[in-house]
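Remarks on the structure that follows.
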Amino acid sequence: MLERAGLGDDGGGEILVPAEIIETIHFECMDSSGGQLGSDATLETLNALDFGKINPVSGPVYIEGAKPGDALKVTLRKFIPSGIGWTANIPGFGLLADQFTDPALHVWSYDTNSMVPALYGPGGRVPLKPFAGTIGVAPAEPGTHSVVPPRRVGGNMDIRDLTAGVTLYLPVEVDGALFSIGDTHAAQGDGEVCGTAIESQMNVEATIELVKDAKLQTPRFTTTEPVTRHLDGAGYEVTTGIGPDLMTGARESVMRMIDLLGAEHGMSAVDAYLLCSVCGDLRISEIVDQPNWVVSFYFPRIVFA
């Protein structure tokens, strides 16, 4: 059975899903700007962003019979993309916010039928892999909670592998679970280092099931295929950060990749920073040989192949 869900932040848009029925729901999601940044967006548009509208989600869906200690099993069936997206450096936001203090914006256009890699400047093409950046249920703590930080019940996790075919399990902490989804992306690297991915409006179809007494502490998910094959074809360039602090190592590995992309491809630092955010991957390569740890940044060579 297919239901339809849109934005439900007015308190009157809940959809009831009986526990004994498995429901597939069509969610009409917005991009993380709440529709403020479209195909004609400029730096002026970016500077005028209303942050009160940032990161809207579609829902909540009330699951009848869901109780604290249960889990939701969410199977992501389909992403229906719009073909338009954006990536931005927003002052004060991102891994290297202290170094990139000026706003920057790149508007993307991509083919929703072929989903071929999207053009980025002269010669660069980014492979696409749609997913939902924000997906989760309500936390047990009373009050109003920002949608920006992730929590143990999910939320704005920005896990780029939550794509079509993946099954996600979310711990339930309140009656009815109150499931929501949004912040859809056309592509992102692990780490989303500049703070934004290819932010793109798209609709999502997901099947929701209730797992009783799961006692899940934090989200977990199952993939059915390799997660990097769309990027692996031409190998990677890899830079590292080595030292006693993981955050410093992460920053240094990204800074060195930005320098490398500038030297090898003539890119400006901010263009390289945005590009790293949508297709490069931060990885902890070593965390046992104290006192120093290794963080690596993997940039897929296929972007410039």
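Count residues from 1 along the sequence.
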Evaluate whether atom CD of Q217 has more than 12 neighbouring non-hydrogen atoms of other residues, nucleotides or ligands under 6.0 angstrom away.
no
With a 3.5 Å distance limit and no angle check, can you tell me whether T45 reaches the backbone of T42 through a side-chain donor-acceptor pair?
yes
Which heavy atom of L49 sits nearest a heavy atom of S33, and at what distance?
CD2-CB, 4.3 Å
So do the side chains of M115 and P130 get within less than 4.5 Å of each other, counting heavy atoms only?
yes
Any side-chain heavy atom of V295 within less than 4.5 Å of one from L246?
yes
Answer yes if the side chains of T87 and W108 hold a donor-acceptor pair under 3.5 Å, and no otherwise.
yes
Distance, nearest 0.5 Å, that separates OG1 of T75 from CD of E205
13.0 Å
When you look at CD of Q290, are more than 12 heavy atoms from neighbouring residues, nucleotides or ligands closer to it than 6.0 Å?
no
Tell me, do L216 and L170 make a side-chain contact under 4.5 Å, heavy atoms counted?
no
Flag, side chain of Y273 to backbone of L96, donor-acceptor distance under 3.5 Å:
yes
Output for pair (L168 CG, I159 CD1), nearest 0.5 Å, gives 7.5 Å
Single-linkage hydrophobic cluster V288~I242, side-chain heavy atoms < 4.5 angstrom:
no
At what distance, to the nearest 0.5 angstrom, does CE of M267 lie from CG of L260?
11.5 Å
Mind running side-chain contact (heavy atoms from CB on, under 4.5 Å) on R151 and H145 for me, showing each step along the way?
CA-CA 10 Å; R151 295 179 172 81; H145 304 280; 3.5 Å; yes
Does the Lys NZ or Arg CZ of R220 fall within the cation-pi geometry relative to Y169 - under 6.0 Å from the ring centre and within 45° of the axis?
yes
Got I135 and L162 here, is their nearest side-chain heavy-atom distance under 4.5 Å?
yes
Derivation and outcome, side-chain contact (heavy atoms from CB on, under 4.5 Å), residues V294 and D289:
CA-CA 9 Å; V294 180; D289 296 327; over 6 Å; no
Donor-acceptor pair, R256 side chain versus T240 backbone, under 3.5 Å?
yes
Are any non-hydrogen side-chain atoms of F221 and D161 less than 4.5 angstrom apart?
yes
Starting from Y120, can I reach V303 by hopping between I/L/V/M/F/W/Y residues whose side chains sit under 4.5 Å apart?
yes
Thinking salt bridges, do E225 and R229 make one under a 4.0 Å N-O criterion?
no
Minimal heavy-atom distance between I258 and C276, with the atoms involved, is CG1-SG, 4.4 Å
Might you point out which heavy atoms bring A197 and E192 nearest each other, and give the distance in Å?
N-OE2, 3.1 Å
C194 and F100: CA distance, side-chain angles, deciding distance, side-chain contact (heavy atoms from CB on, under 4.5 Å) verdict
CA-CA 9 Å; C194 86; F100 293 91; over 6 Å; no
When you measure from the side chain of S58 to the backbone N and O of E28, does any donor-acceptor pair fall under 3.5 Å?
yes
For the CD1 atom of I181 and the CZ atom of F27, what is their distance to the nearest 0.5 Å?
6.0 Å
With rounding to the nearest 0.5 Å, note down the distance linking CG in L275 to NE2 in H265.
9.0 Å
Taking the side chain from K129 and the backbone from H185, do they hold a donor-acceptor pair closer than 3.5 Å?
no
If you measure from the Lys or Arg side-chain nitrogens to the Asp or Glu carboxylate oxygens, is any gap between D213 and K67 under 4.0 Å?
no
Report the C-alpha distance between L261 and F304 in whole Å, list the side-chain angles of each, state the deciding distance to 0.1 Å, and finish with yes or no for side-chain contact (heavy atoms from CB on, under 4.5 Å).
CA-CA 10 Å; L261 292 176; F304 291 107; 4.1 Å; yes
Indicate the atoms forming the closest heavy-atom contact of V126 with C279, along with that distance.
CG1-CB, 4.1 Å
Hey, does the side chain of Q188 reach the backbone of D158 with a donor-acceptor pair shorter than 3.5 angstrom?
yes
Keeping T184 on the side-chain end and D31 on the backbone end, is there a donor-acceptor pair under 3.5 Å?
no
Here's a test for you: under side-chain contact (heavy atoms from CB on, under 4.5 Å), which of N156, V147, V57 qualifies with D183?
N156
Ignoring hydrogens and angles, state whether a donor on the side chain of R77 or T24 is under 3.5 Å from an acceptor on the partner side chain.
no
With heavy-atom distances below 4.5 Å as the criterion, would you say the side chains of L95 and M247 are in contact?
yes
Is any side-chain N of the basic residue among D70 and K215 closer than 4.0 Å to the acidic one's carboxylate O?
no
Please say whether more than 12 non-hydrogen atoms of neighbouring residues, nucleotides or ligands are located less than 6.0 Å from NZ in K53.
no
Minimum heavy-atom separation for T228 and D232, please, with both atom names.
OG1-OD2, 2.8 Å
Are V270 and M257 co-members of a hydrophobic cluster defined by side-chain heavy atoms under 4.5 Å apart?
yes
Under 3.5 Å: donor-acceptor pair, side chain of R301, backbone of A234:
yes
Would you find a donor on one side and an acceptor on the other, under 3.5 Å apart, between the side chain of E252 and the backbone of G241?
no
Can the ring centres of Y236 and F297 be said to be less than 6.0 Å apart?
no
Test: R251 and D245 ion pair at under 4.0 Å:
no
Are side-chain N/O atoms of S296 and S285 paired as donor and acceptor at under 3.5 Å?
yes
Using side-chain heavy atoms (C-beta onward) and a distance below 4.5 Å, is R160 in contact with D281?
yes
What are the two closest non-hydrogen atoms of Y110 and P81, and how far apart are they?
OH-CB, 3.3 Å
Cluster check F79, V116: I/L/V/M/F/W/Y, side chain < 4.5 angstrom:
no
ILVMFWY cluster, M157 and L72 together (side-chain gap under 4.5 Å)
yes
So CD of Q201 and CG of L37: to nearest 0.5 Å the spacing works out to 13.5 Å
N-O pairing of E141 and R152 below 4.0 Å
yes
Using side-chain heavy atoms (C-beta onward) and a distance below 4.5 Å, is V166 in contact with T222?
no
For the side chain of S277 and the backbone of V193, is there at least one donor-acceptor N/O pair under 3.5 Å apart?
yes
